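Structure, as structure tokens:
Model, not experiment: these values are computed from the prediction. Atom set for the values below is all heavy atoms of this structure, side chains included, hydrogens, waters and symmetry mates excluded. One-based numbering along the sequence shown.
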Amino acid sequence: MGIIIAQNVFTLHTDNSTYQMKVDDKGILLHTYYGKRTDETDYSYLIAMADRGFSGNVPQSRDERDYSLDFLPQEFPVWGSGDYRVNCLQADLGTGVEDCLLVFDSYKMYHGKYALKGLPAMFASKEDRVDTLEIILKDYQEEFYVRLLYGVYETYDVITRAVILENKTEREITLSRVMSTCLDWNHPGLDMIHFYGRHAEERETERTPLFHGIAELRSTRGASSHQHNPFVILAEKNTNEDMGQCYGFSLLYSGGFHIQAEVDQTFQTRLVMGMDDSDFSWRIKQGGQFIAPEVCMSYSSTGLSGLSHNYHNAILKHLIRSKWKEKQRPVLVNNWEATYFDFNAQKLLEIAGEAAGLGLDMLVLDDGWFGGRDTDYTGLGDWYVNEEKLGCSLGELVQKVNDLGLMFGIWFEPEMISEDSRLYREHPDWAMVVPGREPIRARSQLVLDMTREDVLDYVKDRLFSVIDSANIQYVKWDMNRSIAAAYSARLPREQQGEMRHRYVLGLYSVLETLLERYPDLLLEGCSGGGGRFDAGMLYYSPQIWCSDNTEAVERLRIHYGTSFAYPLSTISAHVSVCPNHQNGRVTPLKTRGICAMQGTFGYELDLSKMTEEEKSMVRKQVKSYKAHYRLFQFGDYYRITSPFENHDFTAWEYADKNGREACLAVVFTNLHGNPISHTVRFKGLCPDKKYKLFRDQEAVGEYTGAALMQGGILLPIPKEDYDSCQFYACMEEKEGEKGN
Ligand code: DGJ
């Protein structure tokens with residue numbers, strides 16, 4: 001078991017990390033250590049006690065002036081206790097004042113992993129080396145309990161945290177803030193690595209030193225958002241891809257979130273992470289509880305690659321539930337950029353026919369197949385097949401697609417409603433609109449009140465009836481706007497602050513029912529591309545459309561950022577047409593293929609308009625992706641260069657976990673009059689083994705793993721803008737498995 005408890009000291013060990021807490025003589029749960037695996041020494045000796053002047057002293061310490069929560073490292077700091085730093089909890093226990101002081105009550109531990117009702121959470125089976133520790137804190141006077149949950153994943157160097165608040169008082173308790181995790185360090189000087197962006201430019205990577213004050217990342221949009229991602233890394237200054245200490249924090253939640261990192265007056269660092277608290281309030285009735293979402297933390301002493309591998313492995317094994325996670329994903333063609341709203345069954349079958357001939361596996365019918373949806377101003381909510389537009393029933397279309405040898409997938413945007421729709425005319429109160437006020441529209445659409453049972457029933461009924469009407473094997477679940485004024489006609493005034501969280505719970509409940517009913521369905525998450533790319537959604541969908549920006553060179557940055565937290569098999573990526581629809585850039589088809597293989601591969605263009613030469617390239621790409629899908633989906637992913645630092649080329653690699661084979665891809669992002677040759681080094685091979693090396697399927701020699709990893713390989717000189725190449729190294733050549 002990875003949990004060791006001795007004299008009020010709780011030590012959690014994973015294979016390569018240790019996390020420690022201690023209950024001190026005042027009953028406060030201190031945080032004493034998180035870092036490289038060590039022993040069970042009580043690390044509270046590192047806490048320096050001193051009178052901090054204006055900082056409050058807790059009642060237990062009375063006049064002991066050098067005891068203040070304001071500088072003590074804690075597991076769950078609360079507002080109103082004399083700690084003025086960012087905190088985990090603001091709760092009014094019934095007095096009208098937010099003050100609360102938590103002391104240790106009890107603990108329990110057990111083998112296996114706790115679950116969180118109604119929320120995504122990492123899971124484990126009996127055989128896994130996973131244990132749970134629950135530490136129960138209690139207000140020092142009131143029957144208000146805080147259960148801190150810790151899931152220790154020994155093999156993956158991951159520790160999860162979640163919080164359950166329980167009201168056993170005689171009064172109603174009102175919360176205005178609940179963060180799921182807090183981590184304190186007794187030193188400053190950490191860098192924050194985070195992933196900001198905007199629509200079609202998601203997860204740009206920024207590394208910035210923390211400063212005295214509070215660095216904040218948040219989404220107030222009702223979804224995890226394009227603007228920030230609920231994943232953050234704190235790293236020591238010298239940490240790079242291959243060495244150094246770093247800590248990751250991933251929130252398993254798809255609504256708004258809040259991350260704060262504070263360097264305080266005594267040069268300590270604190271990070272808190274949890275649900276967005278900007279207009280949050282929640283009332284816990286007598287006997288009731290509130291469950292806050294889970295955070296998945298990981299520590300790496302082997303740099304950022306090590307941290308990413310921890311997350312990739314843990315997410316694949318312990319978060320994604322879909323049967324598809326281990327299966328070869330279908331190579332699909334999506335008709336969105338091929339036709340937008342302008343299609344009928346004949347056009348779709350033309351694309352499907354080409355797709356079948358080129359070796360693809362699935363046709364995905366995107367937006368526009370339902371209600372009066374011929375533009376993005378109308379029809380959302382009317383999930384009835386527009387047979388007039390298609391020229392046949394959905395069942396007939398799908399049958400024809402299946403007859404071509406392809407699977408069929410379909411797009412929905414279930415959380416939305418257009419004012420120009422039958423649904424809105426019948427149920428205007430189902431939209432989130434504050435009575436007597438004009439709605440805040442975005443993409444000319446409104447958001448359904450997903451907190452209402454009748455709305456959820458309607459959404460499920462429509463989804464199920466469409467899915468049951470044809471052989472549908474994939475659903476793309478889209479969400480194309482942020483929530484503005486969050487209002488529910490069903491909630492009383494004093495509970496409107498619960499709306500945003502209730503919305504997310506409603507969404508999760510529909511997704512849960514959908515997957516229970518269709519366990520074989522391949523669900524792809526989407527929100528205007530990657531506006532809801534978070535670990536919460538991965539509990540339901542094994543892949544997520546990464547960005548509405550399908551342009552290969554821009555995707556280099558987007559995939560680079562996304563790869564820090566999320567496995568490559570979760571990143572949906574398509575080859576699209578040139579000039580690209582988002583930025584007009586022209587790139588070679590070969591490069592577009594190599595870039596889209598950095599994820600779950602597909603196409604999003606009119607295959608019937610391609611030249612024979614292009615089709616033959618597509619055939620090769622599909623064959624190559626299928627031959628290497630294990631490597632691409634499950635290999636260890638290495639960011640070889642950063643597109644933010646290296647402006648000449650971007651390189652990345654997938655290596656088999658046993659080092660038997662690896663594929664290193666390079667895209668040249670600059671051309672020079674007098675070019676120089678660059679070298680890059682493979683990672684993750686076995687130094688003493690011999691590898692055959694291929695470049696774009698041509699054998700280029702035999703090298704030892706040591707040579708490829710220490711000496712490296714010489715890159716060719718690019719011949720055109722955004723030229724690219726793929727190197728494939730394998731211990732034994734396997735026929736038909738030689739790279740792009
Ligand atoms: C946004 C998605 O990201 C696109 O791929 C496409 O499905 C459109 N919505 C359709 O409206």
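For Glu236 (side chain) and Asn238 (main-chain N/O), no donor-acceptor pair under 3.5 Å exists by modelled atom type. A donor-acceptor pair under 3.5 Å links the side-chain atoms of Asn402 to the main chain of Leu406, judged by distance alone. Looking at Asn240, its side chain does come within 3.5 Å of a backbone N or O of Met243 through a donor-acceptor pair. Panel note: side chain His194, backbone Arg207; no donor-acceptor pair is recorded below 3.5 Å. A donor-acceptor distance shorter than 3.5 angstrom exists from the side chain of Thr611 to the backbone of Glu614, with no hydrogens or angles considered. Looking only at distances, no side-chain donor or acceptor of Arg329 sits under 3.5 Å from a matching main-chain atom of Gly599. Not a single donor-acceptor pair under 3.5 Å links the side chain of Arg630 to the backbone N or O of Gly635. Side chain of Tyr625 to backbone of Ala596: no donor-acceptor contact under 3.5 angstrom is found. Put simply, the side chain of Asp478 never gets that close to the backbone of Trp411: no donor and acceptor are under 3.5 Å apart. Proximity of a side-chain donor or acceptor of Gln633 to a complementary backbone N or O of Lys327 within less than 3.5 Å is detected.
In summary, Glu201 and Arg557 engage in a salt bridge, as defined by a charged side-chain N under 4.0 Å from a carboxylate O. Looking at Asp520 and Lys323, a side-chain N of the basic residue comes within less than 4.0 Å of a carboxylate O on the acidic one, giving a salt bridge. Taking 4.0 Å as the cut-off between side-chain N and carboxylate O, Glu612 and Lys615 count as a salt-bridged pair. Salt bridge absent: Glu653 and Lys683 never bring a charged side-chain N and a carboxylate O closer than 4.0 Å.
Atom-to-atom distance recorded for Phe564:CZ and Thr562:OG1 is 10.0 Å, nearest 0.5 angstrom. Here the OG-NE2 distance, from Ser527 to His199, works out to 8.5 Å after rounding to the nearest 0.5 Å. The OH atom of Tyr691 lies 15.0 Å from the OH atom of Tyr703; values are rounded to the nearest 0.5 Å. Interatomic distance, OG of Ser572 versus CG of Leu332, reported as 6.0 Å (0.5 Å rounding). With values rounded to the nearest 0.5 angstrom, Lys325 atom NZ is found 12.5 Å from Thr570 atom OG1. One distance of note links OG of Ser308 with CG of Asn313; it measures 10.5 Å at 0.5 Å rounding.
Heavy atoms from other residues, nucleotides or ligands lying under 6.0 Å from NZ of Lys36 number 12 at most. Atom CD of Gln346 sits in a sparse spot, with 12 or fewer heavy atoms from other residues, nucleotides or ligands closer than 6.0 Å. At most 12 non-hydrogen atoms from other residues, nucleotides or ligands lie less than 6.0 angstrom from CZ of Arg681. Residue Lys400 qualifies as open at atom NZ: its count of foreign heavy atoms under 6.0 Å is 12 or below. Surrounding CG of Asp403 are more than 12 heavy atoms belonging to other residues, nucleotides or ligands, all under 6.0 Å away.
Screening His574, Arg592, Gln582, Glu604 for a side-chain hydrogen bond (donor to acceptor under 3.5 Å, both in side chains) with Thr550, the sole residue that qualifies is Gln582. Of the candidates Leu319, Asp534, Leu515, Ile320, Tyr539 forms a side-chain contact (heavy atoms from CB on, under 4.5 Å) with just one, namely Leu319. Checked against Asn334 for a side-chain contact (heavy atoms from CB on, under 4.5 Å), the options Leu365, Val364, Leu605 give a single hit: Val364.
Considering only heavy atoms from C-beta on, Leu360 comes within 4.5 Å of Leu607 through its side chain.
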Residue pair Asn310, Ser298: steps toward the side chain to side chain donor-acceptor pair (under 3.5 Å) verdict: CA-CA 7 Å; Asn310 291 349; Ser298 184; 3.0 Å; yes

Working for side chain to side chain donor-acceptor pair (under 3.5 Å), residues Thr208 and Glu206: CA-CA 6 Å; Thr208 173; Glu206 187 167 69; 5.7 Å; no

Derivation and outcome, ring-ring contact (aromatic ring centres under 6.0 Å, His included), residues Tyr340 and His581: CA-CA 11 Å; Tyr340 296 104; His581 288 190; 5.7 Å; yes

Side chain to side chain donor-acceptor pair (under 3.5 Å) assessment of Tyr474 paired with Glu524: CA-CA 7 Å; Tyr474 159 113; Glu524 174 157 322; 3.1 Å; yes

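Residues forming a salt bridge (Lys or Arg N to Asp or Glu O under 4.0 Å) with Lys626 (at least two apart in sequence, or on another chain): Asp361.
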Show me the donor-acceptor pairs within less than 3.5 Å that the side chains of residues 714-724 make with the rest of the protein, sequence neighbours left out.
from, atom 1, to, atom 2, distance (Å)
Tyr722, OH, Arg585, NE, 3.2
Asp723, OD2, Lys719, N, 2.8
Ser724, OG, Thr591, OG1, 2.8

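Among all heavy-atom pairs drawn from Tyr540 and Pro542, the shortest one is O-CD, 4.0 Å. Of all heavy-atom pairs between Thr587 and Ala552, the closest is OG1-CB, 4.4 Å. Between Asn480 and Glu413, the shortest heavy-atom distance links the atoms N-OE2, 2.6 Å.
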